[in-house]
There are 2 protein chains.
Amino acid sequence: MTEPVYDQPALVESEFLQGLPAQDRVAILGVAQRRPVERDHFLLRQGDPADRVYLLAQGRLRLSTVTTDGQEVIVRYVAPGEGFGVAAALKDITYPVSIEAVENSLVMSWDRATFAQLMERYPRLAMQAMQTLAFRMREMQDRVRELQTERVERRIARALLRLVRQTGRKVETGVLIDLPLTRQDLAEMTGTTLYTVSRVLSQWEQAGLVESGRERVLIRAPHRLVTIAEDLPPQPTPDK
Amino acid sequence: MTEPVYDQPALVESEFLQGLPAQDRVAILGVAQRRPVERDHFLLRQGDPADRVYLLAQGRLRLSTVTTDGQEVIVRYVAPGEGFGVAAALKDITYPVSIEAVENSLVMSWDRATFAQLMERYPRLAMQAMQTLAFRMREMQDRVRELQTERVERRIARALLRLVRQTGRKVETGVLIDLPLTRQDLAEMTGTTLYTVSRVLSQWEQAGLVESGRERVLIRAPHRLVTIAEDLPPQPTPDK
DNA sequence: CGGCCAGTTGACGTCTTTCAACTTTGGTGG
DNA sequence: CCACCAAAGTTGAAAGACGTCAACTGGCCG
């Protein structure tokens, strides 16, 4: 994992470098700093000076904040090809999240000044950064709406479906969320407790919706999960 | 309110035009469309095609979404000098929020293509737009954290303090939130019900913290509200 | 003057958390 | 290779925060 990084599919198809000709992509990636981060290690901690813009080349990261009284909140998982730290490097003095690798990962990064120059030189890059920010903004807004209006069960369903989209891997019996994922993690994503997550998953397991074990969730019936997430009429039983 | 708009303090100090020389500001504002929106009227509705970028010159707006089952969520209030619709016009086909004037207002706007040209011509404008997005992003993240980890009372305290910062007006007995604000509005900002808001405000009124009436909230002891919002040691409780 | 809208408050229900005790799983070292 | 241990998960019971429903008050405006 040392040489051929520039033409990895994750980087070529990356939202981050979208719309840029191959030669510009190479130029931009060429001046990036590269750094491997091992599983369970932190790339940086909440409160560190926000001086770099990042792009994930390989692996998987988790961004989380911890409140003053110690409660953790998972802000999001980062997949290969996604940028992160853009907003912070642009606006803040320190990063508002801690960043941990949940798989062995490789991150590319530019310091703030370099990235500013790059954006100036490649306006397309600036445009992309902006669109990404706009997109994340929208996601956050949706999450606020969810938290304000929806019950726990539905929020968990949505969280799982998001994970399926981002890191789902098809297997014979369904879609596996290809990530070590504890009850606690799900709780921190949805604003509930690990106990409630455990109860909900148990119930779904009974119903044949999912199959879950230690740090592992397999979705057996994604469409039924969707009906829970969207409050559609209960599929198999058309009574009422 | 028809002629001298360009040099209004709200526009000069606007985050939106920050860092631009006066003559560029005039140029940018010069090509803007201007439109008054009367109190209780909608500038646009959730689902309308997102084709314009806006800047509020005067008045006050409320951005809100309504869920499929009819529950409303207030995303934020907009004060003079603030831009809005930037993320949507950049990324989406339709606006994700409805925008209503809570006071008689005047909005400036540019269509998407014009705004793109302006950003190209005045890179500083693009930079500002980006920083604003980054800032909003951070706010949203904070709100998610709040919703996930804090009790209703504290969320209401925080919401009021935010409103104080944005639209507080000093009067003899405290700080008045200078906006028609119902219990329902506060509930939609904090993810609770108007009943709970009413109970909390009543309780605070008993304690001499606030004074509230129909569509009106006056903060008598902001510092004590802060202790509720931040969970500081339960402050030396003076008599009263 | 009547109707309407915002607000208040009690009673009650329920979703979710909290606490505690327990089981299961998987990695590690003897 | 197996036993052990810590971490992850499960589940019952009880408490509590908050939502829901209903009845009521009060101010405002046509």
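We name chains A, B, ... by the order of the sequence lines, and we start the count at 1 in each one.
- The footprint of chain B on DNA chain C, defined by a heavy-atom cutoff below 4.0 Å, extends from C:dC5 to C:dT18.
- Atom CZ of A:Arg214 is separated from atom C1' of D:dT10 by 13 Å (rounded to the nearest Å).
- Remark: A:Arg45 qualifies as a cation-pi partner of A:Phe42 under the 6.0 Å distance and 45° angle criteria applied to the six-membered ring.
- A salt bridge is defined here as a Lys NZ or Arg NE, NH1 or NH2 lying under 4.0 Å from an Asp or Glu carboxylate O, and A:Glu82 with A:Arg60 fails to meet this definition.
- Put simply, CZ on B:Arg216 is 13 Å from P on D:dG27, counting in whole angstrom units.
- A salt bridge links A:Glu150 to A:Arg158: one of the charged nitrogens lies within less than 4.0 Å of a carboxylate oxygen.
- Within a heavy-atom distance below 4.0 Å of DNA chain C, the residues of residues 181-202 of chain A found are A:Gly191, A:Thr192, A:Thr193, A:Tyr195, A:Thr196, A:Arg199.
- At whole-Å resolution of the value, CZ in A:Arg151 and C1' in D:dC18 are 10 Å apart.
- When atom types are taken as modelled, the side chain of B:Thr67 and the backbone of B:Gln71 share a donor-acceptor pair closer than 3.5 angstrom.
- If you check the side chains of B:Arg183 and B:Ser212, you find a donor sitting under 3.5 Å from an acceptor.
- Summarising the geometry, the separation between CD on B:Gln71 and P on D:dG19 is reported as 11 Å, rounded to the nearest angstrom.
- Note on B:Glu172 versus B:Arg220: no salt bridge recorded, every NZ/NE/NH1/NH2 to OD/OE distance being 4.0 Å or above.
- Considering A:Glu100, A:Glu103, A:Glu72 as possible partners of A:Arg62, the one that fulfils the salt bridge (Lys or Arg N to Asp or Glu O under 4.0 Å) test is A:Glu100.
- Between A:Arg162 and A:Glu146 a salt bridge is recorded (basic side-chain N to carboxylate O distance below 4.0 Å).
- Straight-line distance from the CD atom of A:Gln203 to the C1' atom of D:dG9: 16 Å, rounded to whole Å.
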